[in-house]
Each structure stands twice: as C-alpha cells, then as structure tokens.
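Written below as structure tokens is the structure these notes are about.
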Number of protein chains: 2
Amino acid sequence: MTSKPTLDDGLRARKRAATQAGLEQAALALALEHGYENVTVDMICDAGMVSQRTFFNYFGTKEGAFLGTPPPMPADAELARFVRGGGADVLGDLVGLITAALVDQEPDPGILRSRRMLIERTPELLGRENTRITELEESLTLLVLERFRTQGRSEEFTPGLEDEARMAVTLAGSVMRFSMQKWFTGGFTGSPGELLRHSIALARRIAAAGNEAPPS
Amino acid sequence: MTSKPTLDDGLRARKRAATQAGLEQAALALALEHGYENVTVDMICDAGMVSQRTFFNYFGTKEGAFLGTPPPMPADAELARFVRGGGADVLGDLVGLITAALVDQEPDPGILRSRRMLIERTPELLGRENTRITELEESLTLLVLERFRTQGRSEEFTPGLEDEARMAVTLAGSVMRFSMQKWFTGGFTGSPGELLRHSIALARRIAAAGNEAPPS
DNA sequence: CGTCCTGCGTGCAGCTACTGTAAATTTATT
DNA sequence: AATAAATTTACAGTAGCTGCACGCAGGACG
C-alpha cells in the first residue's frame with residue numbers, strides 16, 4: 001500500500017503538469033487582457049485544448065486556475081526550525097516562515113507577479129486569496145502554540161496562551177497582506193527582505209503608538 | 001431631479017423593509033437548520049413569498065441575504081469625531097469606529113449573533129465577509145490619512161504616511177476579526193468593550209515582543 | 001374622486017459555473 | 001500483446017444570476 005511512489009517523472013505526470021501549467025497561463029493571460037469577469041471557463045478550455053470537465057478535474061473551481069496551487073504550507077524542515085529555534089520575535093519568524101513557503105511554491109517570478117497583479121485588481125480573487133491565508137492561519141496557530149510550549153510556556157500558567165498564538169498569526173497575516181500589496185502595486189524599491197522588515201517595523205510602531213497615553 | 005427625499009415611512013417603504021427582513025430571517029433560519037450549502041435561493045423565496053427575481057433585486061447575490069446589508073460605513077458624525085478628535089491612539093480609535101458602525105447597523109443582537117455563528121462556520125461566507133472588510137478598509141485608509149493631516153503631519157515631510165495609514169487600518173481589521181471570532185465562538189465572558197480592549201492590548205504586546213532583541 | 005406616473009414585483013428566456021455518470025482514450029504493468 | 005489503472009471526454013442536469021418587458025399598486029396632483 002505504501003510502495004507506490006507514483007513516479008514524478010513518468011510520461012503521465014509530465015503531461016499532467018504541462019496541461020495544468022498551460023491552463024494556468026492561459027487563464028492568467030486571458031484575464032489580464034479581458035478582465036477576470038469577462039473570461040469564461042470555456043475560453044480557458046479552448047486555449048488549453050481540454051474539455052470543460054477536465055478543467056474542473058484539475059482546479060475544482062474557476063478561481064483555482066487563477067490562484068495557482070492551493071495552500072503554501074511550509075516544508076517540515078522549516079517548521080521544525082520555527083518551533084525549536086525561535087527566540088522572542090514570533091512576528092518576524094512567522095513572516096519569514098510564510099514568505100519562504102510562498103517563494104518555493106512558484107519558482108517563476110514572472111507568473112507570480114502577473115498573478116499578484118490580477119488578484120490585486122480583482123476583488124473576488126482578492127477575497128478568495130485572503131480566505132486561503134485565513135485557512136492557513138488555522139494550522140499556523142497550532143505551530144505557534146507548539147513553539148510556546150517548547151519555550152516552556154504552558155497553557156496552565158498562561159491562560160491566554162492560545163489567544164496569544166492566534167493573535168500573533170493574525171498580525172503576521174496582516175503584515176503579509178500589507179507587504180504583498182505594496183510589493184505588487186506600490187512599486188517598492190528594494191529587496192523583498194527589506195520590504196518585510198520595513199512592514200514589521202511599521203506595524204510595531206503603530207501598535208506601540210497610543211500605548212503610553214490612554215484615552216480620557 | 002435631486003429634490004426627492006423618498007419618504008422612509010410610506011406604506012411602500014414599510015412593505016419593503018418587511019420583505020427584506022423576512023427574507024434575511026428566513027435565509028438565516030434555513031441555513032442554521034440545513035447548512036448554507038444545502039439552502040437554495042428558491043427555498044428562501046418560498047419562505048419569504050417572493051419570486052426569485054425579486055430576491056435578486058433585493059440582495060443581488062445569494063450570500064447577500066445571509067450577510068445582511070452591505071457596508072457598515074460609520075455615520076458622518078462619527079467620522080468627523082474620528083478625524084478631528086483623535087489623539088495618538090489610532091488603533092484604538094479605529095477599532096471603536098468600526099465597532100460603532102457594526103452595532104447601529106443591526107439593532108437586534110439575536111439576529112447579529114446567529115448571523116455571526118453561521119458566518120463563522122461557513123468558509124464561503126467567512127471569505128465574503130473578509131472581502132467586505134477589505135473593501136471597507138479602502139475608505140478607512142483615506143480617513144486615517146485625513147486625520148494625520150489634521151494633526152499636522154503632511155505627506156511631504158513623512159514619506160511613509162500613506163503606508164502608515166494603511167497599516168493602521170490593516171491592524172485594526174486584524175483586531176476586529178480576532179475579537180469577533182473570540183466573541184462568537186470562544187465564549188468570552190465580559191462586555192464587548194472589555195473584549196476589544198483586551199484584544200488591542202494583546203496585539204500591542206505581541207508586536208512589541210522581539211523588538212528589543214533582534215535575531216543573530 | 002379620477003388620472004397619470006413611477007417604483008416595484010414577476011415571469012421568462014438565457015448564460016455561466018459546476019457536478020454525476022458512464023463510455024472512450026491513453027499510459028503503465030506484466 | 002493483454003490487461004489494468006489512470007485520465008479525458010461527452011452528455012445531461014442543477015443552481016446562481018441577469019436582461020427585458022409587462023402589469024399592478026402606492027402616491028402625487030388636480
């Protein structure tokens with residue numbers, strides 16, 4: 001039952017990958033030209049030379065072809081490092097973790113960039129993308145909890161530990177969304193790493209403001 | 001052409017409101033019983049005794065009937081107060097602003113609560129709700145900028161001012177999402193106001209952590 | 001009161017996303 | 001080459017959603 005590695009390099013797998021890539025590219029190109037709403041699934045199928053049914057076998061939904069492969073969950077190695085190697089900077093480490101996952105998800109920066117452009121200008125896709133991030137947050141929260149425990153913080157002694165984990169993840173998500181938007185629309189001049197550090201610093205500063213002077 | 005106040009109290013308007021409320025309640029009740037996915041628009045129409053076409057005249061989309069009236073944009077008075085009366089606590093003030101808008105949007109807490117429950121357990125609705133928040137953030141960002149300018153901070157002297165506004169709004173959105181979820185699922189024992197303060201404090205604490213001790 | 005007008009509800013025809021099913025085609029295995 | 005397993009496809013059907021044109025009732029006006 002376990003001895004069927006399902007070759008990644010057979011003719012079968014190669015064709016599959018080609019078809020999928022073709023459909024994704026076609027979808028992206030069509031949407032950038034005509035706008036997401038004006039692209040029908042049938043158009044994409046024509047361009048990719050498959051039946052509509054096959055399209056749905058691949059992506060399940062129209063949006064799927066535009067958003068790319070679903071959940072950018074980090075690799076185990078990264079996860080372990082995050083859980084064990086972490087210091088006090090949960091926020092920074094989380095952002096780094098998510099970023100790494102996003103990067104090795106789609107090697108082609110060109111695709112990635114046009115995809116982001118499309119998403120940014122299409123409310124429906126933007127919403128769906130945010131939903132994905134939210135779903136990802138679910139599992140990240142567990143990770144953070146794990147990390148907290150590794151650091152010796154138990155739920156018994158800190159009642160709000162789970163809340164703290166969830167909030168940390170939520171904040172990280174905010175930083176990611178902010179950075180993405182700035183990167184793909186605002187024309188940030190600098191490396192992604194800089195941008196992320198900049199975003200985090202900004203978040204810290206704003207969160208801190210108003211802390212010393214509580215309202216009347 | 002512009003001088004038609006469209007009475008809010010005529011028989012017409014009352015009927016309208018009744019129909020809409022009826023449909024919303026029916027939708028909510030049906031979804032809580034059968035699950036969102038298993039409720040068809042036709043079912044809601046039957047329960048509300050209107051044609052399908054009328055349903056879409058009211059809500060435009062199936063989700064609309066479940067999410068309630070679209071954008072909880074604050075009243076002008078609140079807005080003015082936010083822009084002018086603000087101190088350094090942008091985050092807190094923003095959260096207060098959004099909360100106020102949400103509250104006087106739906107006077108009935110029962111409806112509000114069951115709606116939240118449904119949304120929370122329905123990924124599709126959750127996503128759509130997030131999209132709404134995102135759209136709202138667009139205009140809130142402008143507000144924050146306005147406030148900054150009122151406080152004498154000009155874009156000329158602080159290049160990142162727009163970024164700062166957007167980040168503030170994004171963070172406020174995070175706090176709101178966190179609070180909502182905690183309130184409607186986690187069973188928070190206390191007043192909404194307390195919960196919000198708690199959330200903000202938590203966000204501040206996490207953002208601050210790791211600030212003093214940069215990674216090696 | 002009667003009349004006109006305008007807003008609103010409705011039926012209908014049609015498009016698009018999406019799914020189940022079973023047959024046809026292609027690739028892998030022996 | 002024969003068989004098995006994986007994919008693709010055609011076909012039919014459901015559900016969300018829209019444009020259009022008709023009819024009726026609420027409301028303004030004389």
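Predicted model only: the values in this text are computed from it and were never measured. Below, read A as the first sequence line, B as the second, and so on, with proteins coming before strands; counting in each chain starts at 1.
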Checklist entry - Hey, are A:Arg166 and A:Glu137 close enough for a salt bridge, meaning a charged N less than 4.0 Å from a carboxylate O? => result no
Item to check | A:Glu78/A:Arg81 ion pair, N-O < 4.0 Å | outcome: yes
Checklist entry - Is the base of D:dG19 touched by the side chain of B:Arg53 through a donor-acceptor pair closer than 3.5 angstrom? => result yes
Checklist entry - Whole-Å distance between D:dG16 P and B:Gln52 CD? => result 7 Å
Item to check | Residues B:Asp89, B:Arg204: salt bridge by 4.0 Å N-O rule | outcome: yes
Item to check | Side-chain donor-acceptor pair present, A:Thr54, A:Ser51, cut-off under 3.5 Å | outcome: yes
Next on the checklist: Between A:Arg177 and A:Glu129 (salt bridge meaning N to carboxylate O under 4.0 Å), is one present in this structure?
Outcome noted: no
Item to check | N/O donor-acceptor pair, side chain A:Arg12 with base D:dA6, under 3.5 angstrom | outcome: yes
Checklist entry - What is the distance, rounded to the nearest whole Å, between atom NZ of B:Lys15 and atom P of C:dT10? => result 10 Å
Checklist entry - Below 4.0 angstrom, N of the basic side chain to O of the carboxylate: do B:Glu24 and B:Arg115 qualify? => result yes
Checklist entry - Taking 4.0 angstrom as the limit, do B:Asp93 and B:Arg147 come out as a salt bridge? => result yes
Next on the checklist: Distance check needed: D:dT8 C1' versus A:Asp46 CG, whole Å only.
Outcome noted: 16 Å
Checklist entry - Taking CZ from B:Arg16 and C1' from C:dG7, how many angstroms apart are they, rounded to a whole number? => result 9 Å
Checklist outcome for this item: What residues 22-44 of chain B contributes to the DNA chain D interface at heavy-atom separation below 4.0 Å is B:Val39, B:Thr40, B:Val41
Checklist entry - With side chains defined as the heavy atoms from C-beta onward, is the minimum distance between A:Gln20 and A:Phe59 less than 4.5 Å? => result yes
Checklist entry - Looking at DNA chain D, which of residues 54-65 of chain A put a heavy atom within less than 4.0 Å of it? => result A:Thr54, A:Asn57, A:Tyr58
